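One structure is given below, encoded as structure tokens.
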Amino acid sequence: MVSRVIPVESFDLVIFGATGDLAKRKIFPGLFRRFLAGQMPMDSQVVGAARSNLSQKNFNDLVENSIKSFTEINFKDDDLKNFLICLNYVQIDAIGSNGWNALKSALRPKKIRAFYFSVSPSLFGSLAERLHEHAITTENSRIVVEKPFGRDLATSKQLNAILAEHFSEKQIYRIDH
């Protein structure tokens, strides 16, 4: 069976927790595979956001090592270099105020914005609140959250309520593995 490439519009994707294990093992290799398949337009941008104090070069090196370690397909060095051009990095405090203006400045107007919460579920609410507080999201924004979604039914409902204050249900994509 031949897979079909579904074209997408140019986008800005922010990955919160970009220096973490999930990002390194799954998210960056997966994005790179989509890039190789032609499903990620060249003018798209992936913004890594984490609390680590990294230079752009250090972040690119982290992503390059991630792809080389966890991507089980052959690729050309030029493909990797072209993918790395799409990257940006912002140091951010998920529960504080540092970095949010830099993130807002890094995002481009009139682009679809997606925010991947690759962090502890305890930070989901804080991230949603700060995205709203700093007017970073638009009507076309989406968030991606992964399970575990709360510690129990009560905390799950509480988290859903916080997300619903800032995003419509059609803007929230939940991943359950």
Side-chain angles (χ1 to χ4, degrees), residues 5 8-108 111-131 134 136-137 141-149 173-177:
V5 174
V8 297
E9 292 180 44
S10 177
F11 58 84
D12 284 349
L13 170 63
V14 177
I15 301 171
F16 291 105
T19 60
D21 193 57
L22 177 63
K24 288 188 268 189
R25 289 179 178 273
K26 300 291 183 184
I27 298 171
F28 291 122
L31 284 171
F32 184 60
R33 284 190 295 275
R34 295 294 85 217
F35 180 83
L36 291 176
Q39 195 172 15
M40 186 176 150
M42 285 294 291
D43 64 336
S44 293
Q45 174 181 221
V46 177
V47 180
R51 64 181 168 211
S52 301
N53 183 14
L54 296 178
S55 69
Q56 185 64 49
K57 181 183 181 331
N58 291 143
F59 180 66
N60 284 13
D61 290 346
L62 179 145
V63 174
E64 181 176 349
N65 291 335
S66 161
I67 289 168
K68 287 179 175 177
S69 297
F70 300 108
T71 302
E72 298 176 355
I73 57 173
N74 293 323
F75 56 86
K76 298 175 187 160
D77 287 340
D78 282 348
D79 290 330
L80 182 55
K81 287 177 188 172
N82 288 332
F83 179 74
L84 295 175
I85 291 169
C86 300
L87 300 181
N88 197 347
Y89 181 75
V90 175
Q91 183 180 3
I92 204 159
D93 181 355
I95 57 174
S97 59
N98 293 336
W100 292 97
N101 289 333
L103 176 61
K104 186 173 183 175
S105 295
L107 300 178
R108 301 164 302 165
K111 293 289 181 186
I112 294 170
R113 295 179 180 178
F115 303 91
Y116 197 116
F117 292 8
S118 177
V119 295
S120 166
S122 64
L123 296 175
F124 291 175
S126 294
L127 290 175
E129 289 168 351
R130 275 154 191 75
L131 286 168
H134 292 275
I136 295 173
T137 59
S141 293
R142 304 287 186 266
I143 62 169
V144 178
V145 294
E146 288 204 41
K147 212 174 173 187
F149 194 76
Y173 183 77
R174 295 171 185 84
I175 297 175
D176 182 6
H177 3 162

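The model shown is predicted, which means the values in this text are computed figures rather than measured ones. Just so it is clear, the values below take in all heavy atoms, side chains as well, and ignore hydrogens, waters and symmetry mates.
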* Residues forming a side-chain contact (heavy atoms from CB on, under 4.5 Å) with Lys57, sequence neighbours excluded -> Ser55, Asp61

* Who passes side-chain contact (heavy atoms from CB on, under 4.5 Å) against Ser120, sequence neighbours left out? -> Ser122

* Under the side-chain contact (heavy atoms from CB on, under 4.5 Å) test, which residues partner Asn60, sequence neighbours left out? -> Gln56, Leu84, Leu87

* Arg130/Asp93 salt bridge by N-O under 4.0 Å criterion -> no

* Asked: Just by distance, do the side chain of Ser118 and the backbone of Leu22 share a donor-acceptor pair under 3.5 Å?
  -> no

* Distance-only, no hydrogens or angles: does the Arg108 side chain make a donor-acceptor pair with backbone N or O of Phe11 under 3.5 Å? -> yes

* To do: Applying side chain to side chain contact (heavy atoms under 4.5 Å, CB included) between Lys81 and each of Asp79, Asp78, Ile85, report the one that passes.
  => Asp78

* To do: Would you please classify the geometry between the Trp100 ring and the Phe16 ring as parallel, tilted or perpendicular, with 30° and 60° separating the classes?
  => tilted

* Structure fact -> From the list Val47, Ile136, Val144, side chain to side chain contact (heavy atoms under 4.5 Å, CB included) partner of Phe115 resolves to Ile136

* Asked: Do the ring centers of Phe75 and Phe32 come within less than 6.0 Å of each other?
  -> yes

* Asked: At what distance, to the nearest 0.5 angstrom, does NZ of Lys111 lie from OG of Ser141?
  -> 14.0 Å

* Start with the C-alpha gap between Leu123 and Phe117, add the side-chain angles, then the distance that decides, and say whether side chain to side chain contact (heavy atoms under 4.5 Å, CB included) holds. => CA-CA 8 Å; Leu123 296 175; Phe117 292 8; over 6 Å; no

